[in-house]
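Structure record follows, encoded as structure tokens.
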Amino acid sequence: METIDIREQAERIEVIKGDITEMNVDAIVNAANKSLLGGGGVDGAIHRVAGPELLEETKTLGGAETGEAKLTKGYNLPAAYVIHTVGPVYQDGQHNEEELLRQCYDHSLETALANNIKTIAFPSISTGAYRYPVEEAAKIAFDSVLDALLQHDASELEKVYFVAFDDETYHYYQKLYDLYFA
Ligand code: APR
């Protein structure tokens, strides 16, 4: 059994500070709500840039449960696709929030792999309006992505970006990156 060196994944993950709607990747992930009909935050930004055709397509999806991921085209976004996932609303950590947030990342990555999507950008799911503590959420995000990178080589999953919109979020994701790959 070869020893798997997590550090080899360092070049396949990147933490950046910016606006996910500007990412020129195969797919960006949207932190949506169960209706999938748009909202505020990153959901609002993605619908605004993608244009009205995105809403026309999401109307056909019949919503989504927390932890689920559904694929649409990207329309006017630079990204070819949007993977819409519904994060858990953080209550107190005793309502299966961790498992549900992990499912958002796992199911988004599964959707990417099933659709030959090789470069993907995630926002910090659930850490805005849904109030998930960023430090804990970042670890769940990193662990899910690392597991996927260890199971799928670069020919399947080339690069995963964590796109932080603010300094605090960037700090927590970058701190984890340094911890894992230092
Ligand atoms: N690019 C990247 N990240 C962004 C952007 C953007 N353009 N805009 C906001 N964010 C960040 C927020 O700063 C936060 O760190 O996305 C993270 C997630 O925050 P929200 O967008 O509020 O998402 P979430 O906490 O999952 O709440 C989802 O909010 O917008 C509504 O319709 C959405 O009801 C759903 C809920």
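Side chains included, hydrogens not; waters and symmetry mates left out as well; all remaining heavy atoms used. Note that ligands are numbered from 1 as they come in the structure, with each ligand's atoms numbered from 1 the same way.
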* Structure fact -> A45 heavy atoms within 4.0 Å reach ligand 1 at atoms 7 (N)
* Structure fact -> For atom 25 (O) of ligand 1, the closest protein heavy atom turns out to be G128 N, 2.8 Å
* Distance from atom 23 (O) of ligand 1 to nearest protein heavy atom, with residue and atom -> A31 CB, 3.8 Å
* Short question: side chain of E98, backbone of N96 - any donor-acceptor pair under 3.5 Å? -> no
* Taking ring pair (Phe, Tyr, Trp, His ring centres under 6.0 Å) as the test, write out the residues that go with Y177, two or more places apart. => F181
* Asked: So which heavy atom in the protein is nearest atom 7 (N) of ligand 1, and how far is it from that ligand atom?
  -> D19 OD1, 2.9 Å
* Structure fact -> For F122 and I20 the tightest heavy-atom approach is C-CD1, 3.6 Å
* So does E14 pair up with K159, basic N to acidic O under 4.0 Å? -> yes
* **Protein contact of atom 16 (O) of ligand 1 - nearest heavy atom, named by residue and atom, plus distance** => V42 CB, 4.0 Å
* Ring-ring centroid check Y173 F162, cutoff 6.0 Å -> yes
* Starting from atom 15 (O) of ligand 1, which protein heavy atom do you reach first, and at what distance in Å? -> T127 OG1, 3.5 Å
* **Selected option - heavy-atom contact closest to atom 34 (O) of ligand 1, from I20, T21, N33** => N33
* Could you tell me whether E68 and K34 make a salt bridge, using a distance below 4.0 angstrom between a side-chain N and a carboxylate O? => no
* At what distance is the nearest protein heavy atom to atom 31 (C) of ligand 1, and which residue and atom is it? -> G40 N, 3.6 Å
* To do: List the atom of L149, the atom of R12, and the distance in Å for their closest heavy-atom pair.
  => O-NH1, 3.2 Å
* To do: Looking only at protein heavy atoms, identify the closest one to atom 12 (C) of ligand 1 and say how far it is in Å.
  => F165 CB, 4.4 Å
* For D43, the ligand 1 atoms whose distance to one of its heavy atoms is below 4.0 Å -> 30 (O), 32 (O), 33 (C)
* Could you establish whether S126 and ligand 1 come within less than 4.0 Å of each other, counting only heavy atoms on the residue side? => yes
* Structure fact -> Ranked by distance from atom 22 (O) of ligand 1, the top protein heavy atom is A129 N, 2.9 Å
* For G87 and ligand 1, answer yes if some heavy atom of the residue is under 4.0 Å from a ligand atom, otherwise no. => no
* Identify, with sequence neighbours excluded, every residue that meets salt bridge (charged side-chain N to carboxylate O under 4.0 Å, His left out) alongside D143. => K139
* Where's the contact between D166 and ligand 1, heavy-atom distance under 4.0 Å: side chain, backbone, both or neither? -> side chain
* Structure fact -> Nearest heavy-atom approach of T58 to H47 is OG1-CE1, 4.0 Å
